[in-house]
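It should be emphasised that the depicted structure is a prediction, and the values quoted were computed from it without experimental measurement. Below, chains carry the letters A, B, ... as their sequence lines are ordered, and counting in each starts from 1.
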2 protein chains.
Amino acid sequence: MSAASTPEPSRRDELLAIAARLFAEKGFKNTTVRDIADAAGILSGSLYHHFDSKESMVDEILIPFQDRLFGQYDEILASDDDARTKLERAVRVSFEAIEQHGPEVAIFQNDADYLGTFERFGYLADRNTQSRQVWVTLIEEGVRTGVLRPDLDVTLTYRFIRDTVWVAVRWYQPGKGHTHTEVADQYVRILLDGISS
Amino acid sequence: MSAASTPEPSRRDELLAIAARLFAEKGFKNTTVRDIADAAGILSGSLYHHFDSKESMVDEILIPFQDRLFGQYDEILASDDDARTKLERAVRVSFEAIEQHGPEVAIFQNDADYLGTFERFGYLADRNTQSRQVWVTLIEEGVRTGVLRPDLDVTLTYRFIRDTVWVAVRWYQPGKGHTHTEVADQYVRILLDGISS
DNA sequence: CACCATACCAAGCAAATGCTTGGTAGGGTG
DNA sequence: CACCCTACCAAGCATTTGCTTGGTATGGTG
């Protein structure tokens, strides 16, 4: 009876979506299992029929998202595009992630430090390192091929780009104001006209 | 017996500095009064000899800091400098704040949303509005006087600058790597070469 | 009909958390 | 010496929090 376009999300997935939104809004530690249960219209204990713990919930939220995102980065890195195009594509893919997976991005940005203190979430630090390598690789390739200014401090530039792109999750609201494509256009313009030689 | 240069901080001030560091590291709600007391070498109850509540502690941390910072912004706005210089000065003052009052900046960046849900912290939203007005005024003056590109989306540019400047508090560590002046130089360079006509 | 899996409720427990209360030690001041 | 102020301790209370346990209702499936 359900529309073919949306394959009837399981109750699990519904609960994960609710949890993701709350984690993003209030932070992981700041969100109680009762908050999640209330939003879902059930009692807090009933969550433990679906999930082992609050931690396993955020696990299931973050891991598939990161797999997709870094898959896209890898694709860009492996492509034949010139350095400038690669950098542009990486920025656009990131803004697309903010549009389509805002809660996941917000959780990763806001709670990675705290979650990282548990061994279970060691992969978050790995992903952070991987992200750094992606951007640094792109910047260095840009400098090497003469697309970017040769006097750029690569580390500072990396931080500049990373911060500028990801922090947008704090204010970007899908459907309001600019589309993510428009925002990406503006940001690329400001960024590259300052960086390109 | 104390050096004349440092006028012997009161116990109150010592405790506030400890609390500020912990609030910045772990977040306001995530920091317990026992955390603060442990770091100070006393019992949690003893904190209530000095302060009314945990909330009043963060109050005393944020208010004087914001008074100083916005005083500096006002001074820049009222100056005779051209728009480009004003914008540069505002960026530099902000990085200086990150250097000298890192914990305060971090708390304002990370916890303003949460704290803002209490009537007591309504002034945080006011300060946010005020900050927006400062940057928008500077950008609009830049566009009007021809120092900045006329096709800039003022709101997006404001967010771009604000995010780029303040998010640096997440990684900047005084005494390690670049000085705040060097970081400001690089950021101004990237920013303005993308913005200036 | 017997059986079973899914999704939930009702009740509560142990730990953590913000804060309170009554008291004590030490140093200055009249 | 009597008095008081500052800084703290010791003990605990009410609430919140993550999670557990045993049970119930519903809808399939043999």
Side-chain angles (χ1 to χ4, degrees), chain A residues 1-2 6-62 107 110-111 114-121, chain B residues 1-2 6-62 107 110-111 114-121:
Chain A
M1 212 57 70
S2 65
T6 49
E8 187 95 24
S10 69
R11 186 64 171 141
R12 258 181 90 85
D13 292 340
E14 285 179 16
L15 295 173
L16 280 179
I18 290 169
R21 181 172 51 80
L22 291 174
F23 289 157
E25 275 174 18
K26 321 200 307 175
F28 174 75
K29 179 133 190 202
N30 220 340
T31 302
T32 72
V33 293
R34 282 171 182 80
D35 288 337
I36 302 169
D38 284 353
I42 60 178
L43 290 183
S44 66
S46 304
L47 284 175
Y48 291 83
H49 166 71
H50 300 275
F51 307 99
D52 285 342
S53 66
K54 197 176 131 183
E55 290 181 12
S56 76
M57 297 185 76
V58 77
D59 242 354
E60 291 195 44
I61 290 166
L62 289 179
I107 295 167
N110 296 328
D111 289 316
Y114 169 70
L115 293 174
T117 61
F118 305 96
E119 324 77 32
R120 163 168 204 169
F121 294 101
Chain B
M1 211 58 69
S2 64
T6 48
E8 187 94 28
S10 69
R11 187 63 171 140
R12 257 182 91 84
D13 293 339
E14 286 179 16
L15 295 173
L16 280 179
I18 290 170
R21 183 171 50 79
L22 291 174
F23 289 157
E25 276 173 17
K26 322 202 304 176
F28 174 74
K29 178 132 191 204
N30 223 336
T31 302
T32 72
V33 292
R34 283 171 182 79
D35 288 337
I36 301 170
D38 284 353
I42 61 178
L43 291 182
S44 65
S46 305
L47 284 175
Y48 292 83
H49 166 70
H50 300 276
F51 307 98
D52 285 342
S53 64
K54 198 176 129 183
E55 291 182 11
S56 77
M57 298 185 77
V58 76
D59 241 353
E60 289 196 45
I61 289 166
L62 289 178
I107 295 167
N110 297 329
D111 290 316
Y114 169 71
L115 292 174
T117 61
F118 304 96
E119 323 76 34
R120 164 169 203 170
F121 294 101

Next on the checklist: Determine whether A/Phe23 and A/Ile36 satisfy the following criterion, side chain to side chain contact (heavy atoms under 4.5 Å, CB included), listing intermediate values before the conclusion.
Outcome noted: CA-CA 9 Å; A/Phe23 289 157; A/Ile36 302 169; 3.9 Å; yes
Checklist entry - Can B/Asp111 and B/Val58 be said to form a side chain to side chain contact (heavy atoms under 4.5 Å, CB included), step by step? => result CA-CA 10 Å; B/Asp111 290 316; B/Val58 76; over 6 Å; no
Next on the checklist: Pair A/Asp35, A/Glu25 - check side chain to side chain contact (heavy atoms under 4.5 Å, CB included), show working.
Outcome noted: CA-CA 12 Å; A/Asp35 288 337; A/Glu25 275 174 18; over 6 Å; no
Checklist entry - When you look at B/Ser10 and B/Asp13, which way does the side chain to side chain donor-acceptor pair (under 3.5 Å) test go after all the steps? => result CA-CA 5 Å; B/Ser10 69; B/Asp13 293 339; 3.3 Å; yes
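Of the candidates C/dC19, D/dC19, D/dT17, D/dC19 carries the atom nearest the A/Ser44 side chain, counting heavy atoms from C-beta on. The side chain of B/Ile42 lies closest to D/dC9 when the candidates are D/dT6, D/dC9, C/dC19.
Atom pair B/Ile36:CD1 and C/dA16:C1' shows a separation of 15 Å (rounding to whole Å applied). Put simply, CD on B/Glu14 is 10 Å from P on D/dA7, counting in whole angstrom units. If you measure from atom CG of A/Asp35 to atom P of D/dT17, you get 7 Å, rounded to the nearest angstrom. When rounded to the nearest whole Å, the span between CG of B/Leu47 and P of C/dT20 equals 12 Å. If you measure from atom CZ of A/Phe51 to atom P of D/dG18, you get 15 Å, rounded to the nearest angstrom. Straight-line distance from the CG atom of B/Leu43 to the C1' atom of C/dA16: 16 Å, rounded to whole Å. Between B/Lys29 atom NZ and C/dT17 atom C1' there is a gap of 10 Å when expressed in whole angstrom units. As a whole-Å value, the separation of B/Phe23 CZ from C/dG18 P is 9 Å.
Within 4.0 Å (heavy atoms only), A/Ser46 reaches at least one base atom of the nucleic acid. When heavy atoms are screened at a 4.0 angstrom cut-off, B/Ser53 is found touching the sugar-phosphate backbone but no base atom.
At C/dT20, none of the side-chain N or O atoms of B/Tyr48 fall inside 4.0 Å of OP1 or OP2 (strictly under the cut-off). Note on B/His50: a side-chain N or O is less than 4.0 Å away from OP1 or OP2 of D/dC8. Contact between the side-chain N/O atoms of B/Arg11 and the OP1/OP2 oxygens of D/dC8 is found at a separation under 4.0 Å. Here A/Arg34 does not reach the OP1 or OP2 of D/dC19: none of its side-chain N or O atoms lies under 4.0 Å away.
Judged by distance alone, with hydrogens and angles left aside, the side-chain atoms of A/Lys29 form no donor-acceptor pair with the main-chain N or O of B/Lys29 at under 3.5 Å.
For the pair B/Arg12 and A/Val33, nearest-nucleotide mapping onto DNA chain D gives the more 5' position to B/Arg12.
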